[in-house]
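Please read the structure below before turning to the comments.
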Amino acid sequence: VIRATNLASGTYYLFVESWGAPYAGLTDVTVTLADPPPPSFNDTCGTAQGITFPADGGSVTLFGDSSGAANDYDNTCASTLALNGNDVVYKFTTTTKRSLLATVTPTLTDAGILQPYLYLRDDSNCASTGSLGCVAAANAGQPGRLVVSAMPAGTYDLIVDGTTSE
């Protein structure tokens with residue numbers, strides 16, 4: 001799968017090659033041209049999508065798309081990943097001490113492309129590079145699961161980033 005987004009107008013060439021004679025043969029190639037994705041409304045800390053949890057804690061399921069977002073944030077967690085993926089921001093508030101488990105699972109269309117990288121920041125430091133916790137999925141297409149224990153009451157920003165092959 002090759003995905004190129006937000007291409008400027010112009011002429012592009014797609015080359016299909018084999019590894020050599022033993023691997024040569026007939027192939028089907030599908031190319032789709034579509035409008036670029038709309039900008040993500042939760043692309044920055046200032047436009048973060050709010051998350052409201054049930055009063056007793058519990059969980060919330062969200063469906064997101066970072067393809068229309070920009071690469072706004074980086075992280076300082078111990079990782080050698082190049083965070084060149086688009087990132088989106090979610091904001092939530094706790095009124096008591098809580099623990100967080102956040103899981104991001106790439107969809108089937110992004111399974112070979114997106115390697116999720118999640119990091120949690122205090123809302124007052126959302127645009128900084130320091131995080132209260134972070135995690136990267138082991139490989140592209142696998143879920144990233146962030147666990148942060150015993151967070152004091154406060155407002156937090158969960159940044160969903162990634163490294164991509166785009």
Could you list the residues that satisfy side chain to side chain contact (heavy atoms under 4.5 Å, CB included) with Thr93, not counting sequence neighbours? Thr155

What's the shortest heavy-atom distance between Pro116 and Val104, and which atoms? CG-O, 3.8 Å

Least distance between heavy atoms, Leu132 atom then Arg121 atom: CD1-C, 4.1 Å

Heavy-atom closest pair (Ala69 atom, Asp43 atom, distance to 0.1 Å) is CB-OD1, 3.1 Å

Distance, nearest 0.5 Å, that separates CD1 of Ile159 from CG of Asn42: 11.0 Å

Looking at Tyr119 and Cys134, what are the two nearest heavy atoms and their distance? CB-CB, 3.7 Å

Do Val89 and Asp72 have side chains that approach each other closer than 4.5 Å (heavy atoms only, starting at C-beta)? no

Work out which heavy atom in Leu62 is nearest to a heavy atom in Gln49; give both atom names and the distance. CD2-NE2, 3.9 Å

Contacts table for residues 96-103: side-chain donor-acceptor under 3.5 angstrom, sequence neighbours left out:
{"residue": "Ser99", "atom": "OG", "partner": "Ala150", "partner atom": "N", "Å": "3.1"}

The reported gap from OH in Tyr90 to CG in Leu120 (rounded to nearest 0.5 angstrom) is 14.0 Å

To the nearest 0.5 Å, what is the distance between CZ (Arg145) and OG1 (Thr105)? 6.0 Å

By ring-ring contact (aromatic ring centres under 6.0 Å, His included), Phe92 pairs with (sequence neighbours left out) Phe53, Tyr156

Please answer: with hydrophobic residues joined when any side-chain heavy atoms are less than 4.5 Å apart, are Ile51 and Val160 in the same cluster? yes

Donor-acceptor contact below 3.5 Å, side chain Ser66 vs main chain Val88: no

Classify the angle between the aromatic ring planes of Tyr13 and Phe15 as parallel (below 30°), tilted (30 to 60°) or perpendicular (above 60°). tilted

Test item: side-chain donor near acceptor, Asp161 and Tyr73, under 3.5 Å: no

Could you pull out the closest heavy-atom pair between Ala48 and Asp157, with the gap in Å? CB-OD1, 4.3 Å

For the hydrophobic clusters of this structure (ILVMFWY residues joined by side-chain heavy atoms under 4.5 Å, transitively), does one cluster hold both Val60 and Leu118? yes

